[in-house]
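Worksheet: the structure to be examined is printed underneath.
Index from 1, following the sequence. Quick note: numbers below take in every heavy atom, side chains included, and nothing from hydrogens, waters or symmetry partners.
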Amino acid sequence: QLQASGGGLVQAGGSLGLSCAASGRTFSGYVMGWFRQAPGKERELLAAITWSGGTTYYANSVKGRFTISRDNAKNMVYLQMTVLKSEDTAIYYCAASRRYYPREPFDYDYWGQGTQVTVSS
């Protein structure tokens with residue numbers, strides 16, 4: 001129901017855009033989030049956006065470098081990543097939550113399959 005895409009290999013300092021397509025159901029009213037998980041590390045929330053797009057959240061590690069957006073008419077959520085660093089290397093996931101202030105993985109109800117982002121230094 002959520003399909004993340006756009007990952008790949010990029011050099012440090014470069015940019016990459018991820019997309020998340022929702023299908024099979026409506027995610028009206030859902031908060032959408034982007035997470036990542038690096039080997040040996042916990043899954044962390046990077047950014048989240050409310051249904052209206054009026055409220056966004058960013059982790060300190062990506063604030064100022066990543067931008068989350070959504071197009072409800074197309075059932076799409078995006079993550080634009082700039083000034084990428086080697087520590088951004090991870091599998092990136094999109095997720096949807098019905099909760100009001102979802103910050104933890106267990107707050108999210110639906111998950112995409114993940115897309116690999118590798119940043120070479």
Side-chain angles (χ1 to χ4, degrees):
Q1 293 175 328
L2 294 175
Q3 180 80 26
S5 62
L9 175 64
V10 62
Q11 289 188 334
S15 300
L16 200 62
L18 304 183
S19 298
C20 176
S23 63
R25 62 166 294 127
T26 177
F27 287 95
S28 174
Y30 279 68
V31 172
M32 301 299 294
W34 282 97
F35 286 78
R36 71 183 176 194
Q37 188 166 20
K41 294 188 176 181
E42 294 185 351
R43 191 169 297 191
E44 63 170 331
L45 177 64
L46 303 176
I49 187 168
T50 56
W51 168 250
S52 68
T55 301
T56 56
Y57 162 86
Y58 293 97
N60 288 334
S61 58
V62 304
K63 196 173 295 183
R65 299 189 297 124
F66 290 11
T67 302
I68 189 170
S69 61
R70 67 190 294 170
D71 184 336
N72 293 331
K74 296 181 179 179
N75 288 327
M76 296 291 294
V77 182
Y78 307 97
L79 186 69
Q80 182 63 37
M81 305 183 293
T82 64
V83 195
L84 284 162
K85 308 173 182 179
S86 57
E87 52 262 44
D88 294 319
T89 295
I91 299 175
Y92 284 67
Y93 301 87
C94 60
S97 173
R98 293 169 293 185
R99 290 160 179 79
Y100 180 71
Y101 198 73
R103 291 291 180 263
E104 300 296 334
F106 56 72
D107 291 328
Y108 286 76
D109 307 292
Y110 299 93
W111 290 86
Q113 86 291 357
T115 185
Q116 176 72 47
V117 172
T118 303
V119 183
S120 63
S121 57

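Rounded to the nearest 0.5 angstrom, Ile68 CD1 and Gln80 CD are separated by 12.5 Å. Taking CD from Glu104 and CZ from Arg99, the interatomic distance works out to 11.5 Å, rounded to the nearest 0.5 Å. Here Arg65 contributes atom CZ and Tyr58 contributes atom OH; the two are 12.5 Å apart, rounded to the nearest 0.5 Å. One distance of note links CZ of Arg25 with CG of Asn75; it measures 11.0 Å at 0.5 Å rounding. For the atom pair OG1 of Thr67 and CG of Leu79, the computed distance is 8.0 Å after rounding to the nearest 0.5 Å. Interatomic distance, Met76 CE to Gln3 CD, rounded to the nearest 0.5 Å: 10.0 Å.
The two atoms that bring Tyr78 and Ser19 nearest to each other are CD2-OG, 3.5 Å, heavy atoms only. Here the shortest heavy-atom pairing between Leu2 and Ala22 reads CD2-CB, 3.8 Å. The nearest pair of heavy atoms linking Ser97 to Asp107 is OG-O, 2.7 Å. Closest approach of Gln11 and Val119 over heavy atoms only: C-CG1, 4.0 Å. In terms of heavy atoms, Ser121 sits closest to Ser86 at CB-CB, 4.4 Å. Leu18 and Gly7 make their closest contact through CD2-N, 3.6 Å (heavy atoms, listed as atom of the first residue, atom of the second, distance).
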Report task. For the pair Ser61 and Arg36, evaluate side chain to side chain contact (heavy atoms under 4.5 Å, CB included) and give the outcome as yes or no after the intermediate values. Result -> CA-CA 12 Å; Ser61 58; Arg36 71 183 176 194; 3.8 Å; yes
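Ring geometry, Phe35 versus Tyr108: the interplanar angle exceeds 60°, so the pair is classed perpendicular (tilted spans 30 to 60°). Using a 30° and 60° split on the angle between ring planes, Tyr110 and Phe27 fall in the perpendicular class, above 60°.
Tested against Leu45, the residues Trp34, Tyr57, Tyr93 include a single side-chain contact (heavy atoms from CB on, under 4.5 Å) partner, Tyr57. Of the candidates Val83, Thr82, Leu84, Ser15 forms a side-chain contact (heavy atoms from CB on, under 4.5 Å) with just one, namely Thr82.
Hydrophobic cluster membership differs between Val62 and Val31, with clusters built from Ile, Leu, Val, Met, Phe, Trp and Tyr side chains linked at under 4.5 angstrom.
Evaluation of the side chain to side chain contact (heavy atoms under 4.5 Å, CB included) rule for Thr118 yields Leu9, Thr89, Gln116 as partners, not counting sequence neighbours. Checked against side chain to side chain contact (heavy atoms under 4.5 Å, CB included), Arg98 has the following partners two or more places apart in sequence or in another chain: Tyr30, Asp109.
In this structure, Thr115 contributes its side chain and Ala4 its backbone to no donor-acceptor pair below 3.5 Å.
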